[in-house]
Participant: 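Before anything else, here's the structure in question.
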Amino acid sequence: MADEGMVVLDGTELRDLDLRLPVPDGPVAGAMALQLAESEASTRLFGLSLPENIRSTALRTIREADDPDFLSEVFHDSDALRSLIQKFLLVVADQLKDDPLVVSVLDGNALRIVLDDEDDFAMLAENLFTDLDAHDNGKLSKNDISNALLHMGVQLGVPPIRESESTDLLPNIIKKHGAEGEEKLGQSQFADLLQTILQDLADALSKKNVIVIRNVKVINGSKLKKTLENQKLFNEVLEKLFLEWKTYTNGQEDKELRGFLEAKGLEFGLPSSESSEAVALLYDQIFSEIDKDKITGDLERDAFQVIVKDILEKIAQQLEEDPIFIDLEC
């Protein structure tokens, strides 16, 4: 998937340790130090606040690795404060590397593409009117303009109402054009009002972008790669997998390795092939390169470990080069 303006935040933005925001010279309490660290991260991530799961994990990691009581401390040394902020950035960066955020930058361009093509806009307006005219009476209320914008969604460059409420962007535009209330509109009136609102929205977004966090999972092989690089951990994983493989096959030689590894994939950060066509194609590609006789139920320990290691290394490499995006919004 590749929507207009979609950006993957994988932590790269946070690894530059030259801080962009000034660090106070005077005493700074630990709680304020954390706010400074979050602000520094936010300036590099389109002004977004960190999702709570990332924030809490970063805080816990710093407490466990460095200073469990830093929130109650006072930082008198700006170098110590700077060091704490840098550690926070790196911890968050590591989390984003394993589990990137996907955002859409709504800047009005996607809307202009629709508005600049009369035929495309006419078809869009007609489809929206038809979808919203549940009783097929040829009329919609002005209130349905908000539902039309909701139907268009981020994919067509319209921010969710909740993302606009902080600036009153969309509610103000709707109010400005009187797109409220139960007054009835025919299809032509509906299209004209929608067009005017979308033009204003595109202009406003071009002046001040809206950033929306998408419910999209990025599978980039980072977790699997970490497992592969930790030899002791990987040997333990291979042994565990082999024992489970023997149970899975139960002496049946027609059992194939692909189904087994797909079932265990979540343990390595790998999705099921049922989750998307791209995942199924990835497994198809990897297993097409392997002799089928080498991946059936009569595998013994050494052969099993060699072939599984090879498969997982290929999967990790492929995902690093070409990550898979799974749209959880569908």
Side-chain angles (χ1 to χ4, degrees), residues 1-3 5-21 34 36-67 82-105 211-234 236-237 261 264-272 275-276 278-279 282-283 286 309 311-329:
M1 59 171 296
D3 289 352
M6 195 172 76
V7 179
V8 177
L9 303 178
D10 62 0
T12 303
E13 310 82 359
L14 303 178
R15 295 192 183 278
D16 178 1
L17 297 183
D18 289 332
L19 303 187
R20 300 180 185 178
L21 299 180
L34 178 60
L36 291 171
E38 291 183 66
S39 295
E40 179 69 31
S42 178
T43 62
R44 303 177 186 213
L45 301 173
F46 296 102
L48 292 171
S49 298
L50 291 175
E52 182 55 35
N53 64 312
I54 292 178
R55 178 186 181 276
S56 59
T57 299
L59 181 57
R60 184 171 63 251
T61 301
I62 291 174
R63 280 174 157 170
E64 291 174 352
D66 296 290
D67 188 350
R82 185 174 289 104
S83 176
L84 174 70
I85 294 173
Q86 292 168 339
K87 288 175 183 175
F88 181 88
L89 293 176
L90 290 176
V91 170
V92 173
D94 287 343
Q95 291 183 73
L96 291 176
K97 183 178 180 181
D98 287 347
D99 195 9
L101 286 177
V102 176
V103 302
S104 282
V105 182
I211 312 299
V212 180
I213 297 178
R214 306 292 299 277
N215 192 14
V216 174
K217 180 74 173 174
V218 181
I219 309 298
N220 59 11
S222 177
K223 293 179 181 178
L224 175 56
K225 189 175 179 181
K226 284 182 177 179
T227 302
L228 289 165
E229 290 173 348
N230 185 330
Q231 191 61 53
K232 182 176 183 296
L233 173 61
F234 187 55
E236 292 173 355
V237 168
L261 288 180
K264 297 295 179 182
L266 290 176
E267 298 177 19
F268 305 106
L270 302 178
S272 163
S275 59
S276 82
V279 177
L282 170 65
Y283 281 110
I286 297 299
K309 183 173 185 291
I311 290 170
L312 294 180
E313 285 175 344
K314 287 179 178 177
I315 290 176
Q317 180 180 352
Q318 183 64 30
L319 289 173
E320 184 177 19
E321 295 172 357
D322 189 14
I324 290 174
F325 295 82
I326 299 178
D327 190 349
L328 303 178
E329 297 170 350

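Numbers here simply count residues along the sequence, with the first being 1. Hydrogens, waters and symmetry mates play no part in the numbers below; they use all other heavy atoms, side chains included.
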Participant: Can you find a heavy atom in the side chain of Leu34 that is under 4.5 Å from one in the side chain of Phe88?
Facilitator: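 Side-chain contact under 4.5 Å: yes.
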Participant: If we only count heavy atoms from C-beta on, is the Ile315 to Leu261 side-chain gap below 4.5 Å?
Facilitator: no
Participant: Within the 4.5 Å heavy-atom criterion, are Lys217 and Asp99 side-chain neighbours or not?
Facilitator: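 Sidechains of Asp99 and Lys217: in contact.
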Participant: Could you tell me which residues satisfy side chain to side chain donor-acceptor pair (under 3.5 Å) with Gln231, sequence neighbours excluded, listed by chain and number?
Facilitator: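 Side chain to side chain donor-acceptor pair (under 3.5 Å) list for Gln231, sorted by chain: Asn235.
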Participant: May I ask you to test the Asp16-Arg44 pair for a side-chain heavy-atom distance under 4.5 Å?
Facilitator: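 A side-chain contact exists here, since the closest heavy-atom pair is under 4.5 Å.
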Participant: I'd like to know if Asp94 and Arg15 make a salt bridge, using a cut-off of under 4.0 Å between side-chain N and carboxylate O.
Facilitator: yes
Participant: For Asp322, give me all partners under side-chain contact (heavy atoms from CB on, under 4.5 Å), at least two apart in sequence or on another chain.
Facilitator: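 Result, side-chain contact (heavy atoms from CB on, under 4.5 Å) vs Asp322: Gln318.
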Participant: Are any side-chain N or O atoms of Gln86 and backbone N or O atoms of Leu17, one a donor and one an acceptor, separated by less than 3.5 Å?
Facilitator: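 Present.
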Participant: Just jot down the side chain to side chain donor-acceptor pair (under 3.5 Å) partners of Asp98, sequence neighbours excluded, or say none.
Facilitator: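 Checked Asp98 against side chain to side chain donor-acceptor pair (under 3.5 Å); matches are Ser222, Lys226.
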Participant: Taking the side chain as C-beta and beyond, is there a heavy-atom pair between Leu45 and Val103 under 4.5 Å?
Facilitator: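 The answer is no, as the side chains (C-beta and beyond) never meet within the 4.5 Å cut-off.
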Participant: Looking at Thr43 and Glu40, would you say the former's side chain and the latter's main chain have a donor-acceptor pair under 3.5 Å?
Facilitator: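 It does hold such a pair.
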Participant: Taking all non-hydrogen atoms of both residues into account, name the closest pair between Ala58 and Val91 and its distance.
Facilitator: CA-CG1, 3.5 Å
Participant: For Lys314, does the NZ atom sit with more than 12 other heavy atoms under 6.0 Å from it, leaving out its own atoms?
Facilitator: yes
Participant: So which heavy atom on Pro51 is nearest to which on Ile213, and how close?
Facilitator: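 Nearest heavy atoms, Pro51 then Ile213: CG-CD1, 4.4 Å.
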